[in-house]
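Contents: one structure, followed by commentary.
Given the structure is predicted, the values throughout are model-derived calculations rather than measurements.
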Amino acid sequence: MRGRYSAAFVIPRGSTKRLDTDGWTFLHHGVVSPEVKEGLIRELGLDFIDSYDEAEKYGAGLVELSAIHAADGALEELYIKLYGSSDATNLQRAWSVLKVTGCELFIPSLRDTRG
C-alpha cells in the first residue's frame, strides 16, 4: 500500500464528469485511442504489471495507469494514480508531448482539463 495519491483520467473529449459517493464517473461520448495509451506508457516509462477483467495495469515509480475497456474491447478511459507531488507535472508534460486530439486529460485535484 503506497498511501495517498492524486487521480487523473484520460477520457473522450466532451464526456460528462460527475463526482458522487463512489468517486468520479464519466458518461463517455466516444473512445480513447490506443495510441494515447501507448504514448503515455512510453513517455512515462511505464511497464506492464497485470491484466484483469476488462483492464490492464501499468506502472513505474510513483505512477500507475489502468486502461479500462468496455465489454466490446473499446478503450473507455485511462485511470492514473499519481503518488508523488511532482508526478502531475510529469503527466502534464507527457500529455503535451503527445499532442492528443479527441480526448482530454482531467486531473480533479487541479480542476484542470487539458485537451
Validation row: [X], [Y] side chains within 4.5 angstrom (heavy atoms):
| X | Y | result |
| --- | --- | --- |
| Leu62 | Leu82 | no |
| Tyr83 | Val63 | no |
| Ile107 | Ser6 | no |

Rounded to the nearest 0.5 Å, how far does [atom2] of [Y] lie from [atom1] of [X]?
| X | Y | atom1 | atom2 | answer |
| --- | --- | --- | --- | --- |
| Leu27 | Ser15 | CG | OG | 7.0 Å |
| Trp24 | Phe106 | CH2 | CZ | 3.5 Å |
| Ile80 | Trp95 | CD1 | CH2 | 8.0 Å |

Checklist entry - When clusters are formed by joining ILVMFWY residues with side-chain heavy atoms under 4.5 Å apart, either directly or through shared neighbours, do Leu19 and Ile68 land in the same one? => result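 Looking at the clustering, Ile68 is in a separate group from Leu19.
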Item to check | Cluster overlap Val31 with Ile11, hydrophobic side-chain contacts below 4.5 Å | outcome: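 Cluster IDs for Val31 and Ile11 differ.
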Write down the atom of [X], the atom of [Y], and the distance for their closest heavy-atom approach.
| X | Y | answer |
| --- | --- | --- |
| Leu105 | Ala8 | CD1-CB, 4.4 Å |
| Ala7 | Pro108 | O-CD, 3.2 Å |
| Ala60 | Gly45 | CB-O, 3.3 Å |
| Leu75 | Pro34 | CD2-CA, 4.1 Å |

Next on the checklist: Apply side chain to side chain contact (heavy atoms under 4.5 Å, CB included) to residues Lys17 and Glu104 and explain how you reach the verdict.
Outcome noted: CA-CA 12 Å; Lys17 305 170 194 79; Glu104 59 186 275; 3.0 Å; yes
Checklist entry - How would you list, by chain and number, every residue that makes a side-chain contact (heavy atoms from CB on, under 4.5 Å) with Asp22, sequence neighbours excluded? => result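 Asp20.
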Item to check | Leu40 and Leu46: CA distance, side-chain angles, deciding distance, side chain to side chain contact (heavy atoms under 4.5 Å, CB included) verdict | outcome: CA-CA 8 Å; Leu40 284 175; Leu46 305 179; 5.8 Å; no
Item to check | Step-by-step side chain to side chain contact (heavy atoms under 4.5 Å, CB included) determination, Arg93 to Val97 | outcome: CA-CA 6 Å; Arg93 180 203 50 79; Val97 166; 4.1 Å; yes
Checklist entry - Tell me, which pairs form a side-chain hydrogen bond (donor to acceptor under 3.5 Å, both in side chains) where one or both residues lie in residues 72-82, sequence neighbours left out? => result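 Listed once each, the pairs are Tyr5-Tyr79, His28-Glu77.
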Checklist entry - Can you list every pair that meets side-chain hydrogen bond (donor to acceptor under 3.5 Å, both in side chains) and has a residue in residues 45-60, with sequence neighbours left out? => result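 Listed once each, the pairs are Lys37-Glu56, Glu56-Tyr58, Glu56-His69.
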Next on the checklist: Could you go through Phe9 and Val32, starting from their C-alpha distance and side-chain angles, then the distance that decides it, and tell me whether this counts as side chain to side chain contact (heavy atoms under 4.5 Å, CB included)?
Outcome noted: CA-CA 11 Å; Phe9 304 88; Val32 174; over 6 Å; no
